[in-house]
Amino acid sequence: MSALAPSAPRARALPQLRPYQAEVARAVLALTAAREGGSISVLVARQGGKNEVSAQVELALLLTRAMRGGTVVKCAPTFAPQAVLSRDRLLARAREAGLERIVAREGAATVRCGRASVRYLSAEPGANVVGHTADVLLEVDEAQGVRPEKFDRDFRPMAASTNAPVVYYGTPWGPRSLLAQAEAVHLEAERAGGPRRHFRFDWERVADANPAYGAYVEGERTRLGERHPIFRTQYLLEVLHDDDRLLDAAVRAQIEGSHDRLRSPLPGEHYVAGLDLAGPALDGRAHEADRDWTVLTVARVRSTAGGLPAVEVVEHQAWRGEATDAIVDTLADRLRNVWRVRRLAVDATGLGAPIADLLARRLPTGRVDAVVFSTSRKSQLGFGLLAAAHSGRLRLYRADGSAEAAECRRQLELARAVYRDERTMQFHVDPADGHDDYLMSLALAVDAARHGGGSRTARGRGALRAPHHSEVPA
């Protein structure tokens with residue numbers, strides 16, 4: 001064997017696959033050996049080891065195809081870091097097995113063994129990948145993040161010449177993702193009596209084989225809450241739907257607090273605030289009710305045993321029909337001299353930027369966070385609000401019959417969430433239903449609490465239980 005020279009080192013054992021991993025690996029290798037095309041979808045809870053399965057399958061195919069040749073193509077939503085991480089995992093397994101002399105990197109995107117290779121490609125919309133061939137296997141990593149039209153146009157034809165099989169790996173997201181489409185096809189074929197082509201292992205299945213993993217996910221469930229979209233998709237393996245409410249009825253009931261609304265601070269308490277600024281009045285608005293509000297949400301922050309901030313909304317103040325720059329002095333006075341906030345997160349999008357700058361000059365240095373509502377930053381606000389609500393760390397003051405309390409709850413009930421991918425969400429109130437200024441102000445207040453919370457630990461019957469892991473942006 002010239003590709004595997006007689007002097008090639010003796011292979012050492014690789015990390016043993018857990019039973020559910022071995023089940024997937026056997027199915028993929030059997031499909032490649034059959035040379036009859038077909039596809040498999042693999043859903044494994046986050047950090048459950050799907051990439052380890054892929055790396056060991058790739059190594060096995062490289063070794064068995066080294067003489068006759070062939071190419072495995074693996075695509076991912078991005079080349080760096082996702083495809084690069086897969087490439088490096090394969091190289092690491094080759095080193096651990098003592099095969100680094102015959103399994104080596106070739107350029108940035110290829111690992112070769114003799115005449116066989118694994119090529120790693122980006123599935124980003126603008127990536128130029130035409131011309132590659134996957135005559136052994138086509139793998140799709142994080143398939144929920146690969147656009148179906150990109151895959152169908154540029155990647156699926158790569159397997160055509162030899163009718164090579166396709167494997168879709170990932171965790172669920174939306175109902176129209178590439179992964180969801182593959183899952184639907186496979187489950188329908190199985191119901192019609194076909195062989196198993198869909199493999200699903202949620203976090204409890206993984207934890208059965210790895211108790212330490214189970215302990216970690218229990219912590220994530222405490223930190224995020226079981227109905228948080230990240231926990232639902234990455235650990236429970238549930239699909240999110242575009243018509244989902246941001247906060248369902250159970251969560252809205254959960255955030256109802258028993259504390260009173262405050263008109264002034266209490267001694268020894270620490271406060272933060274979120275400020276959503278009214279946009280300019282638009283031509284043609286005939287009714288005062290159509291105009292935006294400037295809404296200030298003030299929250300008391302209590303540290304918890306796990307270090308995560310418990311956020312108790314204690315006051316709302318709102319202005320409509322007044323020029324925002326005209327109320328800067330009033331806002332600055334209340335925030336600095338009345339509430340003495342430790343952090344203010346303010347909407348600095350567009351015309352909000354100069355207002356945020358004026359407030360930063362009037363408040364102590366470092367107290368103002370000017371938040372520009374980019375897609376990624378607004379996603380962080382939404383996921384942060386969800387984490388606080390679902391984990392029991394967010395409470396509203398007791399409903400007091402005021403217009404502010406009623407409007408805040410109305411907007412929370414009407415708020416919708418649209419999840420684009422694992423890091424991107426949009427949350428809003430449909431303009432046909434009204435405004436979302438209280439909603440945004442609340443999200444900003446929660447964000448301010450993450451960065452400027454107090455050190456006082458909650459005690460007594462009203463204390464909120466804390467998670468055990470550090471807060472990180474979802």
Side-chain angles (χ1 to χ4, degrees), residues 3-4 8-9 11-18 20-35 37-44 47-123 129 132-143 146 151 155 158-159 162 164-170 199:
L4 297 178
R12 296 189 290 268
L14 291 172
Q16 184 174 359
L17 295 177
R18 301 184 182 105
Y20 65 90
Q21 292 173 304
E23 187 178 358
V24 174
R26 285 193 295 267
V28 175
L29 291 173
L31 208 58
T32 61
R35 303 184 188 180
S39 59
I40 289 175
S41 50
V42 182
L43 275 65
V44 182
Q47 299 299 320
K50 65 177 175 60
N51 290 324
E52 182 64 30
V53 173
S54 177
Q56 294 205 26
V57 165
E58 290 164 5
L59 184 56
L61 292 172
L62 282 177
L63 295 173
T64 57
R65 304 279 305 204
M67 286 292 292
R68 52 183 163 154
T71 301
V72 175
V73 169
K74 185 172 188 178
C75 67
T78 62
F79 182 73
Q82 290 164 308
V84 169
L85 288 172
S86 292
R87 179 202 68 195
D88 291 348
R89 183 182 288 266
L90 171 58
L91 291 170
R93 292 299 168 265
R95 287 194 301 271
E96 291 169 7
L99 299 170
E100 63 270 27
R101 287 172 53 191
I102 60 173
V103 178
R105 178 174 153 183
E106 183 179 87
T110 303
V111 175
R112 180 170 295 279
C113 178
R115 299 175 61 189
S117 63
V118 180
R119 187 161 290 125
Y120 298 92
L121 300 174
S122 168
V129 296
H132 293 285
T133 299
D135 53 358
V136 176
L137 176 67
L138 176 58
E139 297 180 286
V140 191
D141 190 28
E142 303 296 348
V146 174
F151 180 77
F155 287 97
M158 294 179 185
T162 59
V166 182
V167 182
Y168 304 87
Y169 296 99
F199 297 82

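Throughout, residue positions are numbered sequentially from 1 according to the sequence presented.
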Chemist: Below 6.0 angstrom between ring centroids: does that apply to Phe151 and Tyr168?
Modeler: yes
Chemist: With a 4.5 Å limit on heavy-atom distance, are the side chains of Arg65 and Ser117 in contact?
Modeler: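 Counting from C-beta outward, Arg65 and Ser117 never come under 4.5 Å.
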Chemist: Does Gln82 offer a backbone N or O that forms a donor-acceptor pair with the side chain of Tyr120 under 3.5 Å?
Modeler: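 Absent.
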Chemist: Apply the test salt bridge (charged side-chain N to carboxylate O under 4.0 Å, His left out) to residues Arg18 and Glu52: give CA-CA distance (whole Å), side-chain angles for both, the deciding distance (0.1 Å), then the verdict.
Modeler: CA-CA 10 Å; Arg18 301 184 182 105; Glu52 182 64 30; over 6 Å; no
Chemist: Grab the two heavy atoms, one from Ser122 and one from Pro77, that are nearest each other, plus how far apart they are.
Modeler: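 For Ser122 and Pro77, the tightest heavy-atom pair comes out as OG-O, 4.1 Å.
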Chemist: Report the distance from atom CD of Glu100 to atom CG of Leu91, rounding to the nearest 0.5 Å.
Modeler: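 The distance works out to 10.5 Å.
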Chemist: List the atom of Phe155, the atom of Cys75, and the distance in Å for their closest heavy-atom pair.
Modeler: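 Answer, listing the atom of Phe155 first, then Cys75: CE2-CB, 3.4 Å.
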Chemist: So how far is it from Leu61 CG to Gln56 CD, rounded to the nearest 0.5 Å?
Modeler: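 The CD atom of Gln56 is 12.0 Å from CG of Leu61, to the nearest 0.5 Å.
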Chemist: Starting from the C-alpha separation in whole Å, work towards a yes-or-no answer on side chain to side chain contact (heavy atoms under 4.5 Å, CB included) for Thr110 and Val118.
Modeler: CA-CA 6 Å; Thr110 303; Val118 180; over 6 Å; no
Chemist: Counting N and O atoms only, with roles assigned by atom type, does the side chain of Thr32 sit under 3.5 Å from a partner on the main chain of Leu29, one being a donor and the other an acceptor?
Modeler: yes
Chemist: When rounded to the nearest 0.5 angstrom, what distance separates CZ in Arg87 from CD in Glu58?
Modeler: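 Between atom CZ of Arg87 and atom CD of Glu58 there are 12.0 Å.
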Chemist: Count the heavy atoms of every other residue, nucleotide or ligand shown that sit under 6.0 Å from CD of Glu96, and state whether that count exceeds 12.
Modeler: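 More than 12 heavy atoms, drawn from other residues, nucleotides or ligands, come within 6.0 Å of this atom.
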Chemist: Could you measure the distance from the CD1 atom of Ile40 to the CG atom of Leu31? Nearest 0.5 Å is fine.
Modeler: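 It is 4.5 Å, given to the nearest 0.5 Å.
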Chemist: When you compare the side chain of Arg89 with that of Asn51, does any pair of heavy atoms fall below 4.5 Å?
Modeler: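 When only atoms from C-beta onward are counted, Arg89 and Asn51 do touch, with a gap below 4.5 Å.
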Chemist: To the nearest 0.5 Å, tell me how far Ser86 OG sits from Asp141 CG.
Modeler: 4.5 Å
Chemist: Does Asp88 come within less than 4.0 Å of Arg105, counting only side-chain N to carboxylate O?
Modeler: no
Chemist: Regarding Ser54 and Glu139, do their side chains bring together a donor and an acceptor under 3.5 Å, going by distance alone?
Modeler: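 Present: a donor and an acceptor within the cut-off.
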Chemist: Pair Val72, Leu138 - check side chain to side chain contact (heavy atoms under 4.5 Å, CB included), show working.
Modeler: CA-CA 6 Å; Val72 175; Leu138 176 58; over 6 Å; no
Chemist: How close do Ala97 and Leu14 get, counting heavy atoms only, and between which atoms?
Modeler: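 Closest pair (atom of Ala97, atom of Leu14, distance): CB-CD2, 3.8 Å.
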Chemist: Quick check against the 3.5 Å criterion: does Ser39 have a side-chain atom that pairs as donor or acceptor with the backbone of Val166?
Modeler: no
Chemist: With heavy-atom distances below 4.5 Å as the criterion, would you say the side chains of Tyr169 and Leu43 are in contact?
Modeler: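 No - every pair of side-chain heavy atoms lies 4.5 Å or more apart.
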Chemist: For Cys113 and Leu63: C-alpha separation, side-chain torsions, deciding distance, then whether side chain to side chain contact (heavy atoms under 4.5 Å, CB included) applies.
Modeler: CA-CA 7 Å; Cys113 178; Leu63 295 173; 4.1 Å; yes
Chemist: Considering non-hydrogen atoms only, spot the tightest contact between Pro165 and Gly37 and give its length.
Modeler: CB-O, 3.7 Å
Chemist: Under a 3.5 Å distance rule, please check whether Arg115 uses its side chain to pair with a backbone N or O of Met67 as donor and acceptor.
Modeler: yes
Chemist: Apply side chain to side chain contact (heavy atoms under 4.5 Å, CB included) to the pair Val167 and Val42, showing each step before the final yes or no.
Modeler: CA-CA 7 Å; Val167 182; Val42 182; 4.1 Å; yes
Chemist: Looking only at heavy atoms, what is the nearest atom pair of Gln21 and Val53, with distance?
Modeler: CB-CG2, 3.4 Å
Chemist: Working to the nearest 0.5 Å, report the span between CZ of Arg112 and CD1 of Ile102.
Modeler: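 Arg112 CZ to Ile102 CD1: 13.5 Å, rounded to 0.5 Å.
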Chemist: Answer whether the closest heavy-atom distance between the side chains of Thr71 and Val136 falls below 4.5 Å.
Modeler: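 When only atoms from C-beta onward are counted, Val136 and Thr71 do not touch, as no gap falls below 4.5 Å.
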Chemist: Looking at Arg119 and Glu106, is any side-chain nitrogen of the basic one under 4.0 Å from a carboxylate oxygen of the acidic one?
Modeler: no
Chemist: Would a distance-only check, ignoring hydrogens and angles, find a side-chain to backbone donor-acceptor pair under 3.5 Å from Asp135 to Thr162?
Modeler: no
Chemist: So which atom in Ala134 and which in Leu137 form the shortest heavy-atom distance, rounded to 0.1 Å?
Modeler: CB-O, 3.6 Å
